[in-house]
Amino acid sequence: MISAAIPQDQYYLFKSCIMCSMYPGIEKSIRFVLDRIGAGYTDDPEHSSCTGFGYHAGVVPLRANLALNARNFSLASGRSIVCTCPTSYGNLKECKEILSKDSDQAEYVAGAMEKIGRKMDLSPSIHHISDVFLAKLDDITAKALYRFDGISAVTHHGCHYSKIFYRDVASGTHEKPEVLDDIAKALGCSVADYGERSLCCGMGFHYTMLDREYPRSILKRKFASIQEASPDVIITQCPGCTFNLDYYQETVSPLDIPVLYFSELVALALGADPYDIGLDMHAVPVEPLLEKLGIGGGRQ
Amino acid sequence: MRITLKEPRQAIKDVRLDSTSGYEKCMQCGRCTASCPAAFTYDDYRPRDIMRDLQLGNRDSLTSILWRCGQCYSCAARCPRNNSVGAGILALREAALASGKAPASVKNMAAVIRKNLYDRGETFLPKDLTFLGEFGPRTVSRCKDNPDKRERLGFDRDDARARPIPEHAMGEIRALLDMTWPGGKRHD
């Protein structure tokens, strides 16, 4: 189910600009889970954004993207980089691949790095935090205070996790990734299928800031398909998808289905207070789901 | 009709066109277009046609539709020849922006994101969510106080982080941006 290549400890936790701008509680839920299961990680304030949001919007040049991430690789200094956002995951892997294979780009970037007193180091391996949770499912279930039997979920995996380096999906295939399904099922949830499972959330990067009719058009299809499955919760892997599926629900398709990043669900199972992981910052109210999970709404 | 796979006068030297997008290998099967959300949304955007125009050297004709792509990479995951229209689109976007052919809205967005990177080392910041009102009254009611909730969770109100990037690290980031971003140092 899970590749032996996923490291077990000493993660270099790579923060996400979208996650921590929109849902800072997700990062807190990730750290809560890692702390609770005793996984060691570095929370380094010095790394920059991967620039993936701007890169895929088409406004951050490739060389700036490569150079800033060469610096990030250097900071990780051999530790395994664990991304909290699939765009960081796909982008860092792409930068590493280009710098490993394209001598012109590598030479240019190495020169830029030298000018700031750093050496190029492409040794860190790159993973998504969902792969780590998948590898640690036994530790997670052993520590769980709650089981979520009777809860029906649908999952939405991030495009930049499953469609760029599509051979590296840790469970399932790129057509049907099952990383989130495995995590949710381990906590007791049932996972329903739906026709538009592979459809993007419509994030579109530049569309986020310039033309929001594009996400609305796509989400109309996505929500109609999710509605047929009638889940209690939508489980996500990407902060951008979380935002789109959560914030647009009221005006595109008023379903009232709470959207949880998978680490929030896991943190709740391990006993996190919903208030401490910022669930009150979600657009679709999560309180009815919390009642159904047997947790209650936390402090308000 | 004789097809020329490369038109040297229009060539853009970019690894994403040379090796990643794989347009020279495209056999026009159309799986990219069948799975593309942007092609479903816009009548004038078809990834298969992008690959065809790249083969024919018709890069200028793509300028107006480059910004349709939503960068989901469904095209890449479905291509039987491991091509990526999405990667090629990024190379064309970078060339369009550098030559002044990008829409004004994109140029403005580029300036905002460069400023964010230069000031904070992040591309997107909490202040960039300026359109909360579009999401409906209940969402506004629930989320209008999120800046306060950020602070409750221990995060900086204006930064994407709990701890802003230290100034010595920002010096390295700014130096790399000055070296690698077209136009050199930021002057605004």
Side-chain angles (χ1 to χ4, degrees), chain A residues 15 17-18 20-22 24-25 27-28 45-46 48-49 51-64 67-68 71 98 102 105 112 115-116 118 159-160 162-164 166 174 198-200 202-207 209-210 212 214 217-218 247-248 250-251 278 280-283 285, chain B residues 14-16 37-38 41 66-67 70-74 76-77 89-91 93-94 97-98 102 105-106 109-110 112-114 117 121-126 128-129 131 134-136 138-139 142-143 146 149-150 153-155 160-166 169 172-173 175-177 179-182:
Chain A
K15 293 171 277 291
C17 58
I18 292 286
C20 295
S21 290
M22 310 286 198
E27 188 191 300
K28 289 200 75 174
E46 294 199 20
S48 72
S49 165
T51 82
F53 180 84
Y55 177 65
H56 286 285
V59 301
V60 170
L62 176 63
R63 279 194 167 173
L68 288 173
R71 178 180 171 276
I98 291 174
D102 188 310
Q105 297 287 356
K115 287 176 184 167
I116 62 165
R118 289 191 175 274
C159 291
H160 287 189
S162 59
K163 295 177 183 167
I164 300 179
Y166 48 87
H174 71 274
S198 287
L199 182 62
C200 169
M203 178 72 168
F205 302 92
H206 68 292
Y207 285 113
M209 294 170 83
L210 301 182
R212 288 173 293 281
Y214 176 78
S217 159
I218 291 169
Y247 273 68
Y248 283 92
E250 181 180 351
T251 52
D280 55 333
M281 292 182 73
H282 286 236
Chain B
D14 191 306
V15 63
R16 293 165 296 185
T41 306
L66 282 181
W67 307 94
Q71 287 288 295
C72 71
Y73 289 81
S74 296
I89 286 281
L90 281 187
R93 283 181 179 177
E94 185 169 333
L97 196 60
S105 58
V106 171
M109 183 182 174
V112 168
I113 285 183
R114 188 180 183 194
L117 277 169
E122 296 288 354
T123 53
F124 193 93
L125 294 168
D128 296 319
L129 182 58
F131 41 94
E134 292 182 18
F135 295 118
R138 189 186 70 184
T139 299
R142 267 187 77 86
C143 299
N146 278 1
K149 294 172 187 168
R150 294 181 61 76
L153 293 174
F155 279 74
R161 296 172 174 237
R163 287 181 291 166
I165 299 174
E172 294 182 1
I173 292 164
L176 288 175
L177 287 169
M179 283 184 263
T180 58
W181 201 292

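Sequence lines set the chain letters: A, B, ... in the order given, protein chains first and strands last, and positions in each chain run from 1. Remember, predicted model here, so these are calculated numbers, not experimental data.
The most heavy-atom pairs under 4.5 Å with chain B, out of A:His282, A:Arg118, A:Met281, A:Lys15, come from A:Met281. The residue among B:Ala110, B:Ala102, B:Pro164, B:Ala98 with the most heavy atom pairs within less than 4.5 Å of chain A is B:Ala110. When each of A:Ser162, A:Ala57, A:Ser217, A:Cys200 is checked for heavy-atom pairs under 4.5 Å with chain B, A:Ala57 comes out on top. Of the listed residues A:Glu27, A:His160, A:Arg71, A:Lys28, the one with more heavy-atom pairs under 4.5 angstrom with chain B than any other is A:Arg71. With chain B as partner, the option from A:Ala112, A:Gly54, A:Gly202 having the largest number of non-hydrogen pairs under 4.5 angstrom is A:Ala112. When each of A:Pro24, A:Cys159, A:Gly204, A:Gly58 is scored by its heavy-atom pairs under 4.5 Å with chain B, the top score falls to A:Pro24. For the options A:Lys115, A:Arg212, A:Met22, A:Met203, heavy-atom pairs under 4.5 Å to chain B are most numerous at A:Arg212.
Heavy-atom distances place the side chain of A:Tyr207, and not its backbone, under 4.5 Å from chain B. With a 4.5 angstrom heavy-atom cutoff, B:Leu90 touches chain A only via side-chain atoms. Proximity to chain B (any heavy atom under 4.5 Å) is shown, for A:Leu68, by both the backbone and the side chain. Using a 4.5 Å cut-off between heavy atoms, A:Thr51 contacts chain B through both its backbone and its side chain. For A:His174, the part lying near chain B is the side chain, with the backbone staying farther off; criterion is any non-hydrogen pair under 4.5 Å. Using a 4.5 Å cut-off between heavy atoms, B:Ala38 touches chain A through backbone and side chain atoms alike. Contacts of B:Ile173 with chain A are made by both backbone and side-chain atoms, with heavy-atom separations under 4.5 Å. Looking at B:Phe155, only its side chain comes within 4.5 Å of chain A, counting heavy atoms on both sides.
Among B:Leu177, B:Leu117, B:Thr180, the single residue meeting the side-chain contact (heavy atoms from CB on, under 4.5 Å) criterion with A:Val60 is B:Leu117.
Put simply, the side chain of A:Glu46 never gets that close to the backbone of B:Ala169: no donor and acceptor are under 3.5 Å apart.
Here the shortest heavy-atom pairing between B:Ile165 and A:Ser48 reads CD1-CA, 3.9 Å. The two residues B:Leu176 and A:Ala67 come nearest to each other via the heavy atoms CD1-O, 3.6 Å. For the residue pair B:Pro37 and A:Leu199, the shortest heavy atom distance occurs at CG-CD1, 4.1 Å. Closest non-hydrogen pair, A:Lys163 versus B:Ala76, comes out as O-CB, 3.8 Å. The shortest non-hydrogen separation linking A:Gly25 to B:Leu153 is N-CD1, 3.8 Å. In terms of heavy atoms, B:Thr139 sits closest to A:Ala283 at CG2-CB, 3.6 Å.
Between A:Met209 and B:Val112, the closest side-chain pair of non-hydrogen atoms falls below 4.5 Å. Within the 4.5 Å cutoff, no side-chain heavy atoms of B:Trp181 are placed close to those of A:Arg63. Between B:Val15 and A:Leu62 there is a side-chain heavy-atom pair separated by less than 4.5 Å. Side-chain contact between B:Glu134 and A:Thr251 is absent, with no heavy atoms from C-beta onward closer than 4.5 Å. Under the 4.5 Å side-chain criterion, counting only non-hydrogen atoms from C-beta, B:Pro166 is in contact with A:Pro45. Here the side chains of A:Cys20 and B:Arg161 are not in contact, with every heavy-atom distance at 4.5 Å or above. With contacts defined as side-chain heavy-atom distances shorter than 4.5 Å, the pair A:Tyr247/B:Cys143 qualifies. The shortest distance between side-chain heavy atoms of A:Phe53 and B:Glu122 does not fall below 4.5 Å.
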Chi angles and distances behind the ring-ring contact (aromatic ring centres under 6.0 Å, His included) call for A:His56, B:Tyr73 | CA-CA 11 Å; A:His56 286 285; B:Tyr73 289 81; 5.6 Å; yes
Check against side chain to side chain contact (heavy atoms under 4.5 Å, CB included), B:Arg114 and A:Val59 | CA-CA 8 Å; B:Arg114 188 180 183 194; A:Val59 301; over 6 Å; no
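Taken to the nearest 0.5 Å, the SG atom of A:Cys17 stands 8.0 Å off from the CG atom of B:Leu125. The distance from atom SG of B:Cys72 to atom CZ of A:Phe205, rounded to the nearest 0.5 Å, is 9.5 Å.
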